[in-house]
Number of protein chains: 2
Amino acid sequence: MRTDERITRAMGELLRRQGYAATGINALARAAEAPTGSLYHHFRGGKREIAAVALRQTGAVHIQLLPLLLDPYEDLAEGIEAAFAQAGDDMRGTGWPNMCPVGSVTAEIADVEPELREVSAEVMRDWIDKGTAYFTARGLTPPAAAEFTHAVLAALEGAFVMARGLRTEAPFHAAGRTLAAHVRTLAREEGAGVREEDAAVRAEGAVAGS
Amino acid sequence: MRTDERITRAMGELLRRQGYAATGINALARAAEAPTGSLYHHFRGGKREIAAVALRQTGAVHIQLLPLLLDPYEDLAEGIEAAFAQAGDDMRGTGWPNMCPVGSVTAEIADVEPELREVSAEVMRDWIDKGTAYFTARGLTPPAAAEFTHAVLAALEGAFVMARGLRTEAPFHAAGRTLAAHVRTLAREEGAGVREEDAAVRAEGAVAGS
DNA sequence: GTCTATAAAGGGATAGAC
DNA sequence: GTCTATCCCTTTATAGAC
């Protein structure tokens, strides 16, 4: 693996476990098996620039899970519930780390590191765009899809935090079931967010290509 | 105000803006207008103990908002939607700080500070107990109330994070509307979480006393 | 490009005068 | 109980040999 890849990957891993402030350049160099000077050779912006790249990387990786997890389910509500359940299982199985550092790092640095906050905002806007496109392709009207995407992302980030503290999957199950119920409501109420003609149409690859 | 109160309050404020690792003892002493030695006189456990007390304090304060915000609404779904909307307005009005440090600090230190993680877990369990009691008093069956409480807390914590990054109230509105829709679903489906006999009964002071 | 050594600053914590 | 001075360690970042 290239040196700069090792560095940004190690940063991503440390960010999700310790956050930004607690992750020192020396610890990062050790984790990436690269000397201190090498970090500044590849990233002249130092710690902040490395964190920015790591956030963009992990953000892009994690949004890909959306179609991967939901495509197999013909019933969107069922898929949502299953996806949240699996996220909870994954956390328990890996010892309750955070699954994606974007949320926790954003909470930590939003008021103190304006450049990194803007990076987080870009990543989140990308999530929202891709999510809205996906749920629109799954039959929701664009406004309903946008709102649902916001709700899914908020519930997911919050479930990470709650589960990380409580060490229970309960937040994931509760969030998944609530969101699934909402999707079923949308499907039942005509004109309340579902386009009749393609409500049952699968959205194979709707987001994968973007 | 007593010195130890000034210290824990200042810690709470710094925690929600910068997180745990970035909050230094010296900065804390400055913010609390107390000399360094005074901190260790009142809290022999140092930074960690001060943070623990601050987390418990802010956690206890914030759960009191639940009945305060929801009691005025006879329709629970309407109340949920309004409460989330107000949380979003508050964040915008105050410049997008975190409203409660428990979530963000938990995300930051869960893997690194076991004692503080346990404190966060205690605070969160207290939230869940009080929330379950409240929503039960508002007409949900105990299991539905527990699940709904988990979903509300996860959505709230996640909305904080998303709004902090995006600087938009959209996550609050989306989360509030989704949860409100779910409550309405529960109210419509007989036996699906609402006890018929007291579904409309107000829960004045159900949590206030505990 | 890789790596070492070090500078300059700040961290948490403590001892002890007052 | 209040406050100061200081210890020791780690931090980010750089300079310069290889």
Side-chain angles (χ1 to χ4, degrees), chain A residues 1-55 101 104-105 108-117 119, chain B residues 1-55 101 104-105 108-120:
Chain A
M1 204 189 307
R2 289 211 321 269
T3 305
D4 57 332
E5 282 181 16
R6 285 206 316 280
I7 293 169
T8 52
R9 282 196 195 217
M11 179 57 111
E13 188 61 24
L14 290 174
L15 281 182
R16 77 172 188 172
R17 305 199 100 102
Q18 320 179 343
Y20 180 75
T23 297
I25 283 285
N26 293 324
L28 176 62
R30 240 172 301 145
E33 298 182 82
T36 314
S38 201
L39 270 58
Y40 288 91
H41 172 74
H42 290 283
F43 303 94
R44 238 173 294 171
K47 177 179 171 176
R48 191 177 290 119
E49 184 186 345
I50 300 173
V53 175
L55 287 177
S104 48
V105 171
E108 182 192 352
I109 52 79
D111 283 359
V112 194
E113 295 279 349
E115 299 172 29
L116 287 179
R117 188 204 64 81
V119 171
Chain B
M1 205 191 305
R2 289 208 323 267
T3 304
D4 57 333
E5 281 180 18
R6 284 207 316 279
I7 294 169
T8 52
R9 282 196 196 218
M11 179 57 110
E13 187 62 23
L14 290 173
L15 281 181
R16 78 174 188 171
R17 305 199 100 101
Q18 319 181 342
Y20 180 75
T23 296
I25 283 286
N26 294 323
L28 175 62
R30 238 172 306 155
E33 297 182 84
T36 314
S38 201
L39 270 58
Y40 287 91
H41 172 76
H42 291 283
F43 304 93
R44 238 174 294 171
K47 177 178 172 177
R48 191 177 291 118
E49 184 185 346
I50 300 173
V53 174
L55 287 177
S104 48
V105 171
E108 182 189 355
I109 52 77
D111 283 0
V112 194
E113 295 278 349
E115 299 172 27
L116 287 180
R117 188 204 62 81
E118 185 49 46
V119 172
S120 291

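All values below come from the heavy atoms of this structure, side chains included, with hydrogens, waters and symmetry mates left out. Naming: A, B, ... by sequence-line order, numbering from 1 per chain.
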Just by distance, do the side chain of Glu108(B) and the backbone of Tyr20(B) share a donor-acceptor pair under 3.5 Å?
yes
Strictly below 4.0 Å, N to O, side chains only: are Arg30(B) and Glu33(B) in salt-bridge contact?
no
Distance, nearest 0.5 Å, that separates CD1 of Ile7(A) from CD1 of Ile25(A)
9.0 Å
First contact, last contact: which nucleotides of DNA chain C are these for chain A, 5' to 3', heavy-atom distance under 4.0 Å?
dG1(C) to dT4(C)
Among all residues two or more places apart in sequence or in another chain, which pass the side-chain contact (heavy atoms from CB on, under 4.5 Å) test with Arg44(A)?
none
Output the distance between atom CD (Glu13(A)) and atom CG (Leu28(A)), rounded to the nearest 0.5 Å.
11.5 Å
Which parts of residues 35-53 of chain A get close to DNA chain C, meaning a heavy atom less than 4.0 angstrom away?
Pro35(A), Thr36(A), Gly37(A), Ser38(A), His41(A), His42(A)
Among residues at least two apart in sequence or on other chains, which ones pass side-chain contact (heavy atoms from CB on, under 4.5 Å) with Glu49(A)?
Phe43(A)
Within residues 3-30 of chain B: residues closer than 4.0 Å to DNA chain D (heavy atoms)
Thr3(B)
Tell me, please, which residues at least two apart from Glu118(B) pass side-chain contact (heavy atoms from CB on, under 4.5 Å).
Ala121(B), Glu122(B), Arg125(B)
May I ask you to decide if Thr23(B)'s main-chain N or O and Lys47(B)'s side chain share a donor-acceptor pair within less than 3.5 Å?
yes
Atom CD of Glu115(A): over 12 foreign heavy atoms under 6.0 Å:
no
Would the number of heavy atoms belonging to other residues, nucleotides or ligands and lying under 6.0 Å from CZ of Arg9(A) be above 12?
no
